[in-house]
Trainee: 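Handing you a structure now.
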Amino acid sequence: MAEILETLNRIFQDVVDDKNIILKRETTAQDVDEWDSLNHITFIVAIEKHFKAKFTTAEIRSWKNVGDMCDSIARLA
Amino acid sequence: MANIGDKFAEHFVVSADIHEGFIAIFGDRHPLHTDARYAVARGFQSEVMHGNILNGFLSYFVGECFPDREVMILSQEIKYQRPVYLGDRLTLEVEVIDVHHSVNVIELACKFRNEIDSKIVASARINVGRTSVKET
């Protein structure tokens, strides 16, 4: 699970072009200024491409924080 | 929403109006783009057209030709592989190579071919998102 979080962190840093941002399981979009709607879309696309996975809209809407994203990705493995 | 494998094609001419309009708007008068002797001395046939003219064609395709009107370009990468000259006729070939239904994003692979020799002069990847009317 730590590996998934680390990967998400790296993908997110690339999306927002900021290497100083550190995502934690409890991080939400509201906690990060750069996590706006457009970056959110880019983030999800990058995650789907990296993990070669496709999520449903309902699944994405159910995510409350980064930890939920990690759990969804872990279930795909 | 488009499906993986959907293909489209559009034709463009790099006309003097487009070349001069690009220079008038953006001001890039580098001699490679405006001085034939300068360009020939560097191994080109004539003035090389600005690569970003092709970006304009891509914008036109997404905004005016793509069947889905609720679209916006989220990201774009382009590689310029061969020079384009004034008057060249180009075919833009576009294929939907991925669809991310979760966030309504499609990924397009684009190739510009010179119609004289069919060689690819540029290729691009574009992520296109869907817009939606905000509920009030």
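Within every chain, numbering begins at 1; the chains are lettered A, B, ... in the order of the sequence lines, protein sequences first and strands thereafter.
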Trainee: If you measure from CD on Glu48(A) to NE2 on His101(B), what distance do you get to the nearest 0.5 Å?
Mentor: 9.5 Å
Trainee: Do the non-hydrogen side-chain atoms of Lys54(A) and His100(B) ever get within less than 4.5 Å of each other?
Mentor: yes
Trainee: For the interface with chain A, which of Asn127(B), Val103(B), Val99(B), Leu74(B) has the highest count of heavy-atom pairs at distances below 4.5 Å?
Mentor: Val103(B)
Trainee: Between Glu59(A) and Ser102(B), do the side chains contain an N or O donor and an N or O acceptor separated by less than 3.5 Å?
Mentor: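 Distance-only check fails for Glu59(A) and Ser102(B).
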Trainee: Do Val14(B) and Phe44(B) land in one hydrophobic cluster if side-chain heavy atoms of ILVMFWY residues count as linked below 4.5 Å?
Mentor: no
Trainee: Does Leu38(A) belong to the same Ile/Leu/Val/Met/Phe/Trp/Tyr cluster as Met69(A), with side-chain heavy atoms less than 4.5 Å apart forming each link?
Mentor: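 Same hydrophobic cluster.
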Trainee: With a 4.5 Å cut-off on side-chain heavy-atom distances among I, L, V, M, F, W and Y, is there a chain of contacts connecting Phe12(B) to Phe66(B)?
Mentor: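 Yes; Phe66(B) is reachable from Phe12(B) via cluster members.
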Trainee: Does any backbone or side-chain atom of Asp98(B) lie under 4.5 Å from a heavy atom of chain A? Answer side chain, backbone, both or neither.
Mentor: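 Side chain of Asp98(B) only, per the 4.5 Å heavy-atom cut-off to chain A.
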Trainee: At a 4.5 Å cut-off on heavy atoms, which part of Ile41(A) comes close to chain B: side chain, backbone, both, or neither?
Mentor: both
Trainee: Decide whether Ile11(A) and Ile21(A) are clustered together by the hydrophobic rule: side chain heavy atoms of Ile, Leu, Val, Met, Phe, Trp, Tyr closer than 4.5 Å, transitively.
Mentor: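 Cluster IDs for Ile11(A) and Ile21(A) match.
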Trainee: About how many Å separate CD1 of Ile44(A) and CG of Asn104(B), when rounded to the nearest 0.5 Å?
Mentor: 12.5 Å
Trainee: Is it true that, when you exclude Asp117(B) itself, more than 12 heavy atoms of the residues, nucleotides or ligands shown sit nearer than 6.0 Å to its CG?
Mentor: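 More than 12 within 6.0 Å, yes.
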Trainee: Check whether more than 12 heavy atoms from other residues, nucleotides or ligands sit under 6.0 Å from atom CD of Glu26(A), and answer yes or no.
Mentor: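 Atom CD in Glu26(A) is packed in, count exceeds 12.
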